[in-house]
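Working notes for the structure below.
Predicted, not measured: the structure shown is a model, and the values here were computed from it. Below, chains carry the letters A, B, ... as their sequence lines are ordered, and counting in each starts from 1.
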Amino acid sequence: VSDVRPLGDGWYLVTEGGRQWRVAIAGDTTATWVFVDGQVMRIEAPTGRDRPPGKGRGDGGVMSPMPASVVAIRTAVGQTVNEGDTVILLEAMKMELPIRAPRSGRVTALHCAKGDLVQPGVNLLEIE
Amino acid sequence: VTIRRLLIANRGEIAVRVIRACRELGISTVAVYSAADADARHVREADAAVAIGPASARESYLNIDRIIAAARETGSDAVHPGYGFLSERAPFARACEEAGLIFVGPPASALEKMGSKIGARALMRGAKVPVVPGEAPPDQSDKALSEAATRVGYPILVKPSAGGGGIGMKAAQSAADLPDALNAARREAKASFGDDTLYLERLIERPRHVEIQVFADTHGNTMHLFERECSAQRRHQKTIEESPCMALSAAVRGRMGAAAVAAAQAVGYRNAGTCEFLLEGSGDDARFYFLEMNTRLQVEHPVTEAVVGVDLVHAQLRVAGGEPLPFAQGLISQRGHAIECRIYAEDPARQFLPQAGTILLYHEPRGPGIRVDSGVGQGSVVSVHYDPLLAKLIVSAETRDAARRRAIIALRNFAVLGIRTNIPFLLQLLDHPDFVNASIDTGFLDREASAIAAAAPTELPAAATAALEFHRTDGTRHHAPGTPGTPGTFGTDPFQSLKGFRV
C-alpha cells in the first residue's frame, strides 16, 4: 500500500514500505514521462491521433529516427538496393547518421531531397 | 573593467555563463539569436538581444558580418565568442579588431598559428614541446594522403586541419579503412569548417587525454592553472572531466605545465586557452605529447574554477580590457577534487542518438559543492540545429571519491522530462569499477559505452507506478505541468493561465 501526496509542479511524494520517493510526472499529446531517482520512463499515449495517417512504420518505408537534415541521397527511384546499403545520409547536431535499407528491393518512391529537414515517423523513401 | 557593453556571439549554457559574469562586473550584455532561439534562455537573461538570422548556424551564429553589425547597432565595445561557432576563427577575431571591438580571446595571429594543426606542430617542435608523430601533406589527393599514412604508421587518426571538438575525426586501423575515413572526414570538415584540408596523426593506443589551462595577459605574464583529465569521451565528445588527474605525479604535472606555458608563449598567446596532451602511462614514467591548443574558453572550464578557486570568465574580461592577470603562478594551488558531467540531449539506449523536443519538466540539483551551468529550462525547445549539450553538473569535494559520490546523488536529483538525456548513462559510468579506480583511457567509452548504457535499470521503482496512477485519476491538471491529450498546456503556472494579470 502506498501513499501519494501531490507537491505541485508535477512532483509527488510517494511513501511506500516506509520509504519516501520524490516522483516527477509531465506529459504532452504523445507521451507521459515519469522521473524518479535519476531514472526516466516514457509511456506512449494510448491514442494515435498525432500520427500522420497512412505513414506508419513498416511496409517498406524508411524513416529517420529523429529530426535531421538530408546530406546526401545515395539511391534513386527504380534502383535496386541491398539490405544494409546506406540509402540516405542524414546529419543532426553535427553528427552524420547513415540510413540503411531495412531489406533488399527496388526503390519505388523518394519523399525527400538533399537539404530537406526531415521529421521522425515520416517515410523518406519506399522499397518494394 | 574597461569593457562597458559586451556582445556574446554564442548561445546555450556558455552564453548564460558569460552573461552572469558580466552582471557581476557591471558590464551590460547583448545576446544574439537565430530564429530557432527567439525564446531561448540566453536571450531572456541578457540586457538586450538581436536577431541575427535563420536557424541554420551558417546563416546566424557563423555569420560574421551580421554579428559585427549587431555589435555596432547596440553600441557594444567588446565581443565574447564562447566556444564552438566563431570562437577559433581568425577572420572573426580580425573583423572585431577592424571594427574597433575588443575580442575576448587571443589575437587573430595566435588563432591563425594554432588553428592550423600543421603550423602548430612545427611551432611546438621549435619550442621543445613534445608532439605526436604525424603529417599533413601539401598534396591532399587520396594517393598522397595514403602514402603519408604509411609513413606515419597505422593505426592512424584523420583530422580536419581546421577542426576542433572531435568533429570530422576518423580512425583507420589499416590501409583498407583509409578511403572511407578520408571521405567522411573531408565531408564533415567541409560542412563544419568550410575547409577540408586533412591532417594525419599516429593513433596512440590507450592514452589519457590531459589538458592544461593556460592564461596570458598583455603585461608579459603567461601562466598555467593545472590540468583537467578528460579521458571519458565517446567518439571524441567529452562526457566527464575532472581535476586533478590521478595519473599525474607532481614532477610530470610540473613539466606539462611548463610545456603548456612554452606553447602559449611560442604563439604570442593572450587570454584563456588550453593545451591538450595525450598522456601515455602514469606516475613519474608517464610521457606526454602535445595534441593541439584550444584557443578559447573550454566547456569544462568550471572544473578548474572549482579546484583552483578562480573565475576564468571574470579574468577573461579583465585581461581583454588590458588589466593584468588577477592571479599569479606562485599563489595558486589545486584544492580537493572536481568532476564535471555533461548533460546531453541524447538517448543512450538508442546508440546515443541526439534528441530534439520540448522540455516539459526541468529541475536542477542544489547543495554544497554543486554547480549547474545550463542553457535550458522548463518549456525550452531543444532543436536539431545545434549541439546537444543542455547543461553541465560540476561537483567539488575534498577527495575524488567524495566528489564522485556527490555527483551521483546530484544526478539522481536532476529531473529532465520530455526529452531523453544521458543522465541514466552518467549514473552507470560514475559507478563503473574502471571509473571508480580512475583507470580509464580515451578509448574506454568507445569500447564500453553500449554495455554501460545497457546496464541502466529498465524499470522504475514501484513508487513511480503509484504516482502515475494518482496523476491519471486524481485532478491531473491541477498538479502536473503537462497533461496527456491537451496540447501545449503547462497546467498551473499562474503566469500562463491568468488573463489580464497586471503587476
Side-chain angles (χ1 to χ4, degrees), chain A residues 1-17 19-47 49-50 64-69 71-72 89-98 117-120, chain B residues 165 167 184 187-188 191-192 235 345-346 350 353-356 358 360-361 363 383-388 408 411-418 420-421 423-424 427 456-457 459-464 466-472 474-475 478-488 491-493:
Chain A
V1 181
S2 53
D3 175 65
V4 181
R5 190 144 50 97
L7 303 172
D9 296 326
W11 288 88
Y12 299 86
L13 185 69
V14 181
T15 309
E16 198 170 75
R19 199 191 143 169
Q20 296 193 138
W21 305 80
R22 286 165 49 81
V23 181
I25 301 178
D28 60 16
T29 50
T30 57
T32 300
W33 298 73
V34 188
F35 165 93
V36 57
D37 213 21
Q39 305 300 329
V40 170
M41 188 167 62
R42 180 180 186 275
I43 304 143
E44 288 279 340
T47 58
R49 273 178 305 170
D50 55 298
S64 169
M66 58 181 298
S69 53
V71 179
L89 198 58
L90 300 177
E91 189 194 76
M93 290 162 171
K94 303 193 293 192
M95 306 266 285
E96 285 198 353
L97 184 68
L117 192 66
V118 297
Q119 298 298 327
Chain B
I167 297 158
R187 205 161 43 235
E188 289 182 31
S192 295
R235 297 174 65 183
E346 62 184 18
R350 293 172 67 213
L353 274 178
Q355 303 288 298
T358 300
L360 302 173
L361 183 145
H363 170 83
S383 79
V384 69
H385 302 286
Y386 316 109
D387 90 39
I408 291 173
L411 286 174
R412 281 199 198 144
N413 287 288
F414 203 143
V416 184
L417 294 183
R420 290 275 178 201
T421 74
I423 289 174
L427 282 167
E459 280 185 21
L460 265 55
L468 201 55
E469 276 310 304
F470 187 95
H471 170 85
R472 279 188 172 144
D474 182 273
H478 296 295
H479 309 300
T483 306
T486 48
T492 54
D493 184 350

Pick one of side chain, backbone, both or neither for [X], based on which atoms fall under 4.5 Å of a heavy atom in chain A.
X	value
B/Ala191	side chain
B/Leu411	backbone
B/Thr421	neither
B/Glu459	neither

>> Under 4.5 Å from any heavy atom of chain B, what part of A/Val23 do you find: side chain, backbone, both or neither?
In response: side chain
> Between A/Leu13 and chain B, which part of the residue has a heavy atom less than 4.5 Å away: side chain, backbone, both or neither?
Replying inline: neither
>> Using 0.5 Å steps for rounding, measure from the CZ atom of B/Phe470 to the CD1 atom of A/Ile25.
In response: 9.5 Å
> Does the side chain to side chain contact (heavy atoms under 4.5 Å, CB included) test come out yes or no for A/Val40 and A/Arg42, once each step is laid out?
Replying inline: CA-CA 7 Å; A/Val40 170; A/Arg42 180 180 186 275; 5.7 Å; no
>> Whether the side chain of B/Gln355 engages the backbone of B/Leu353 through a donor-acceptor N/O pair (distance < 3.5 Å, no angle test) should be reported.
In response: yes
> Side-chain contact, heavy-atom cut-off 4.5 Å: A/Val71 with A/Leu90?
Replying inline: no
>> Using every non-hydrogen atom in the two residues, find where B/Leu361 and A/Asp9 come nearest and quote the distance to one decimal.
In response: CD1-O, 3.5 Å
